[in-house]
Each structure stands twice: as C-alpha cells, then as structure tokens.
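What you see is a predicted model, and the numbers here were worked out from it, not measured in a lab. Positions are given from 1, in the same order as the sequence printed here.
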Amino acid sequence: QVQLVESGGGLVQAGGSLRLSCAASGRTASIGAMGWYRQTPGNERELVARYTIDGTINYSDAVRDRFRISRNSARNRWFLQMDSLKPEDTAVYYCNAKSSWYDKWGQGTQVTVSG
C-alpha cells in the first residue's frame, strides 16, 4: 500500500530552523491528504499541518506563520519547513498519509529545540 519514512529531525537552538521530509512509496496516487503531526509523552498526537488534494492547507495555531508544508506533484514526497523554532516545538514528528480507506504513519523523527 503506502509506506512512509520521515527524515530531517535533530537538535536545534531556539530560533533556528529544520526541514522535515516525508518519502512515500507504494500506491501514492491514492493519497488524499498529506500531513505532519507531533506527539510528546503523555499527550495525544496533534495535527501540525495538512495538505489536502482539494487545495486546502491547515496549520495548528501553535505553528501558523512559522511552519510551512509543501509537496511535490506526484504526492510521494512532502516537507515541513520549520522556522523560528521554540522549545515547545520539541516532539516526535510523524508524517501521515490519508485516503478514504487508510490512515498511514511514518516511524517518527525527533525534533528537540533547546532554549
């Protein structure tokens, strides 16, 4: 079906930038929405940004104006450009692909922002 692999996480100082990448393989033409989520211990996974094939782009209030999601036309690679990072952005970030019949996740990549 669809397999996802994230990359680009790491350690960065507050105010710095990171660019996350999600590489998708398999039946990527079936993907209806490409997203990025984050999760910290003890908390539910939360939406960070989502790019839907109807053209809708959504950002959480916490990252709006600082993060930017983009994708290629083949829907097999998408990115999250993270600027002006804050310590509260520290989390495991997951890429996500959704269709009407599946909800797929990557393995996660750690982003740590030091104060």
R45: partners by side-chain hydrogen bond (donor to acceptor under 3.5 Å, both in side chains), with sequence neighbours left out: Q39
Closest approach of L18 to G8 (non-hydrogen atoms, all atoms of both residues): CD2-O, 3.8 Å
Distance in Å, I57 CD1 paired with M34 CE, rounded so as to fall on 0.5 Å steps: 9.5 Å
Pairs involving residues 92-114, ordered by first then second residue, that meet salt bridge (charged side-chain N to carboxylate O under 4.0 Å, His left out) (sequence neighbours left out): none
Any pair counted as salt bridge (charged side-chain N to carboxylate O under 4.0 Å, His left out), so long as it reaches residues 21-41, sequence neighbours left out: R38-E46, R38-D89
N72 side-chain N/O to R77 backbone N/O, donor-acceptor pair under 3.5 Å: yes
Counterpart residues, side chain to side chain contact (heavy atoms under 4.5 Å, CB included), relative to D61 (two or more places apart): R64
Over all atoms of both residues, closest heavy-atom pair of L80 and A49: CD1-CB, 4.1 Å
Connected-component partners of Y37 among ILVMFWY, side-chain separation under 4.5 Å: L47, V92, Y94, W105
R75 (side chain) donor-acceptor with R71 (main chain) under 3.5 angstrom: no
Cluster check Y102, I53: I/L/V/M/F/W/Y, side chain < 4.5 angstrom: yes
Nearest atoms (heavy-atom pairs only) where S30 meets W101: OG-CZ2, 4.5 Å
Residues which pass side chain to side chain contact (heavy atoms under 4.5 Å, CB included) with S70, listed by chain and number, not counting sequence neighbours: F79
Qualifying disulfide bond (SG atoms under 2.5 Å apart) pairs, either residue in residues 24-94, two or more places apart: none
Residue pairs fulfilling side chain to side chain donor-acceptor pair (under 3.5 Å) with at least one residue in residues 4-17, sequence neighbours excluded: E6-Q107, S17-D83
Distance-minimising heavy-atom pair for Y59 and F67: CE2-O, 3.4 Å
Could you list the donor-acceptor pairs under 3.5 angstrom formed between side-chain atoms of residues 108-115 and any protein atom two or more places apart in sequence or on another chain?
unit_1, atom_1, unit_2, atom_2, d
T109, OG1, G9, N, 3.2
Q110, NE2, A91, O, 3.4
Q110, NE2, T112, OG1, 3.3

From I69, L85, V48, residue fulfilling side-chain contact (heavy atoms from CB on, under 4.5 Å) relative to V63: V48
Listed once per pair and sorted, the disulfide bond (SG atoms under 2.5 Å apart) pairs that draw on residues 82-115, sequence neighbours left out: C22-C95
Heavy-atom pair with the smallest gap, counting every atom of V2 and I31: CG1-CD1, 4.1 Å
E88, CD: over 12 other non-hydrogen atoms inside 6.0 angstrom: yes
With T56 via side chain to side chain contact (heavy atoms under 4.5 Å, CB included) - residues at least two apart: T52, D54, N58
Any pair counted as disulfide bond (SG atoms under 2.5 Å apart), so long as it reaches residues 41-88, sequence neighbours left out: none
Euclidean distance, L20 CG relative to W36 CH2, rounded to 0.5 Å: 4.5 Å
